[in-house]
Visitor: 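Before I ask anything, here is the structure I am working with.
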Amino acid sequence: MSYDIAYIIVESGKGGDGLVHFRREKYVPRGGPDGGDGGNGGNIYIIGDESLSSLLHFKRKRHFKAGDGENGKPKKMKGKNGKDVYIKVPIGTVIYNADTNEKIGEILYHNQKILVAKGGKGGRGNAKFATPENRAPQIAEKGEEGIKMKLKLELKTIADVGIVGFPNAGKSTLLNSLTNAHSKVADYPFTTIIPNLGVFIDDIYNRIKIVDIPGIIEGASEGKGLGIQFLRHIERVKALIFLLDPTQSDIIEQFYKLKFEIEKYNPQILKKPYLIVVNKIDLIDSESLPDNIENKEVIKISAKEKINLEKLIIKLQEILKN
Ligand SMILES: Nc1nc2c(ncn2[C@@H]2O[C@H](COP(=O)(O)OP(=O)(O)OP(=O)(O)O)[C@@H](O)[C@H]2O)c(=O)[nH]1
Ligand SMILES: [Mg+2]
């Protein structure tokens, strides 16, 4: 089982059987039929949970069974319905029938529910079969069987590239300049609250999906600013752009602070390929910037004035290829 694919077995509950039973009361020698209906079997739902970011929790538990419906009872009492089961998955999970490969649905938002296995219907008790011709039916229905199936869950990557940086670094401006996106740009921090997705199409029609994310600040991994919500998004991209803003503070310091927050959240993210990009070179003397950080080339651009973006694209294509 890999990080972003999981196989699970789900089993909805069996419906309870209907009951054959006749009323028994003192002084009433031959009571009528009073066998109750069986309860319905429990359903299995998949539900979106925004606090999850992977399918790893299915390593521990792979088999899910909903409760069976109770059998019908005397006095026309219906058996209890079986307990439903809700299986939590991260947003972005696509659900397939593992045997047929048919797509069942996709979880796109928090608390979204998709019914994947309906419980069996409870059978009717003999009280339901009484007619003027047959006042004492000896028949009742059996409850329907539940459904057992294997599901494949797949967590989609949201984009190829995620742009990370401090608030106001120009992440949304860069996304808009490179792609068809119209992410809101403004000169105050936390303009971007929800990640925006844009697609860059190169001359050989390769599509690169790029996402800008809310600004990272110190303490983000502990929930400061927009906290870990956005860090979760960069777990699901293939490569990163560290976008540094030389008008705010020292860029080397910015780079280390960003890396520090990401590492504290999930060190695996830093194993992804990344580019170090300095923005807003139209505002400063770019000669004063270092050419390398940690032996990695520093790419100097202006997202707003569209300076050096061709080079950035070439570098992006390179790191995505590997
Ligand atoms: N001069 C200049 N200004 C820029 C450049 N890139 C972005 N800006 C400006 O910087 C400000 C912030 O830009 P945004 O794109 O909203 O920054 P962001 O990183 O998305 O900000 P948050 O979403 O708040 O984290 C805006 O006023 C932009 O016009 C650039 O290359 N040169
Ligand atoms: Mg923004």
Side-chain angles (χ1 to χ4, degrees), residues 158-203 206-218 220 225-227 229-234 236-255 257-259 261-262 272-291 293 296-320:
I158 49 169
D160 302 301
V161 184
I163 308 174
V164 297
F166 283 97
N168 255 340
K171 301 177 294 297
S172 300
T173 308
L174 179 60
L175 180 77
N176 294 347
S177 292
L178 291 178
T179 73
N180 57 345
H182 300 284
S183 184
K184 188 175 168 199
V185 169
D187 62 354
Y188 51 83
F190 299 119
T191 309
T192 303
I193 301 167
I194 303 166
N196 297 286
L197 199 69
V199 183
F200 169 80
I201 301 176
D202 69 13
D203 32 358
N206 287 314
R207 298 159 67 83
I208 302 181
K209 274 201 266 176
I210 306 177
V211 65
D212 74 337
I213 33 201
I216 296 183
I217 60 170
E218 276 186 272
L226 293 175
Q229 279 157 281
F230 61 80
L231 284 170
R232 207 169 284 130
H233 288 283
I234 55 176
R236 290 166 48 210
V237 297
K238 295 181 198 147
L240 297 175
I241 291 178
F242 283 96
L243 192 65
L244 310 175
D245 181 353
T247 70
Q248 286 190 39
S249 62
D250 182 64
I251 59 156
I252 299 181
E253 206 175 291
Q254 270 178 50
F255 176 65
K257 279 185 179 163
L258 289 170
K259 270 194 18 175
E261 290 304 325
I262 293 173
K272 297 177 196 277
Y274 62 83
L275 297 178
I276 303 175
V277 179
V278 177
N279 190 27
K280 305 192 186 178
I281 58 160
D282 54 304
L283 293 180
I284 53 138
D285 171 19
S286 63
E287 294 293 306
S288 63
L289 296 170
D291 292 322
I293 298 178
K296 222 176 172 124
E297 183 184 355
V298 173
I299 304 163
K300 301 167 190 176
I301 65 159
S302 166
K304 193 175 173 187
E305 304 302 332
K306 302 197 164 74
I307 302 171
N308 227 0
L309 297 186
E310 306 74 25
K311 176 164 180 189
L312 175 59
I313 286 290
I314 292 170
K315 293 282 172 190
L316 265 186
Q317 287 167 327
E318 265 174 36
I319 61 167
L320 285 172

Visitor: Can you find a pair of side-chain heavy atoms, one from Leu244 and one from Leu258, that are under 4.5 Å apart?
Guide: yes

Visitor: Give the intermediate values and the outcome of side-chain contact (heavy atoms from CB on, under 4.5 Å) for residues Leu312 and Leu178.
Guide: CA-CA 10 Å; Leu312 175 59; Leu178 291 178; 4.2 Å; yes

Visitor: Any side-chain heavy atom of Glu318 within less than 4.5 Å of one from Leu320?
Guide: no

Visitor: Once the angle between the rings of Phe242 and Phe255 is folded into 0 to 90°, is it parallel (under 30°), tilted (30 to 60°) or perpendicular (over 60°)?
Guide: perpendicular

Visitor: With rounding to the nearest 0.5 angstrom, report the CZ to OG1 distance, Arg207 to Thr179.
Guide: 11.0 Å

Visitor: How long is the gap from CD1 on Ile262 to NZ on Lys272, to the nearest 0.5 Å?
Guide: 10.5 Å

Visitor: Less than 4.5 Å apart, any side-chain heavy atom of Pro290 and any of Val278?
Guide: no

Visitor: Just wondering, do Ile281 and Leu289 contact through their side chains at under 4.5 Å, heavy atoms?
Guide: yes

Visitor: Hey, is the main chain of Ala303 close enough, under 3.5 Å, to the side chain of Ser177 for a donor-acceptor pair?
Guide: yes

Visitor: Treating Lys296 as the side-chain partner and Tyr274 as the backbone partner, does any N or O pair qualify as donor plus acceptor under 3.5 Å?
Guide: yes

Visitor: Quick check on side chain to side chain contact (heavy atoms under 4.5 Å, CB included): which of Ile307, Ile276, Asp291, Ile284 does Lys300 satisfy it with?
Guide: Asp291

Visitor: Check the pair Ile241 / Ile299 against side-chain contact (heavy atoms from CB on, under 4.5 Å), numbers first and verdict last.
Guide: CA-CA 10 Å; Ile241 291 178; Ile299 304 163; over 6 Å; no

Visitor: I need the Ser183 OG to Ile213 CD1 distance, nearest 0.5 Å.
Guide: 11.5 Å

Visitor: Apply side-chain contact (heavy atoms from CB on, under 4.5 Å) to Leu309 and Ile301, showing your working.
Guide: CA-CA 6 Å; Leu309 297 186; Ile301 65 159; 4.0 Å; yes

Visitor: So, the side chain of Gln254 versus the backbone of Asp245: is there a donor-acceptor pair under 3.5 Å, distance only?
Guide: yes

Visitor: Can you confirm whether Ile210 sits close enough to Leu316 that some side-chain heavy atom of one is under 4.5 Å from a side-chain heavy atom of the other?
Guide: yes

Visitor: Checking Thr247 against Asn279 for the side-chain contact (heavy atoms from CB on, under 4.5 Å) test, could you report, in this order, the C-alpha distance in whole Å, the side-chain angles of both residues, the deciding distance, and whether it holds?
Guide: CA-CA 9 Å; Thr247 70; Asn279 190 27; over 6 Å; no

Visitor: Distance-only check: which donor-acceptor pairs under 3.5 Å involve side-chain atoms of residues 160-171, not counting sequence neighbours?
Guide:
unit_1: Asp160; atom_1: OD1; unit_2: Lys238; atom_2: NZ; d: 2.7
unit_1: Asp160; atom_1: OD2; unit_2: Lys209; atom_2: N; d: 2.6
unit_1: Lys171; atom_1: NZ; unit_2: Phe166; atom_2: O; d: 2.8

Visitor: Roughly how far apart are Asp250 CG and Lys257 NZ, rounded to 0.5 Å?
Guide: 9.5 Å

Visitor: Backbone N or O of Val199 within a donor-acceptor pair of the Asn180 side chain at under 3.5 Å?
Guide: yes

Visitor: Check Val211 against Leu175 and note the closest heavy-atom contact, atom names and distance.
Guide: N-CD1, 4.2 Å

Visitor: Would the distance check show the side chain of Glu261 and the main-chain N or O of Ala220 forming a donor-acceptor pair, the cut-off being under 3.5 Å?
Guide: yes

Visitor: Check whether any side-chain heavy atom of Leu243 lies under 4.5 Å from a side-chain heavy atom of Asp212, and answer yes or no.
Guide: no

Visitor: If you measure from NZ on Lys306 to CG on Asp282, what distance do you get to the nearest 0.5 Å?
Guide: 12.0 Å

Visitor: Using 0.5 Å steps for rounding, measure from the NZ atom of Lys304 to the CG atom of Leu283.
Guide: 7.5 Å

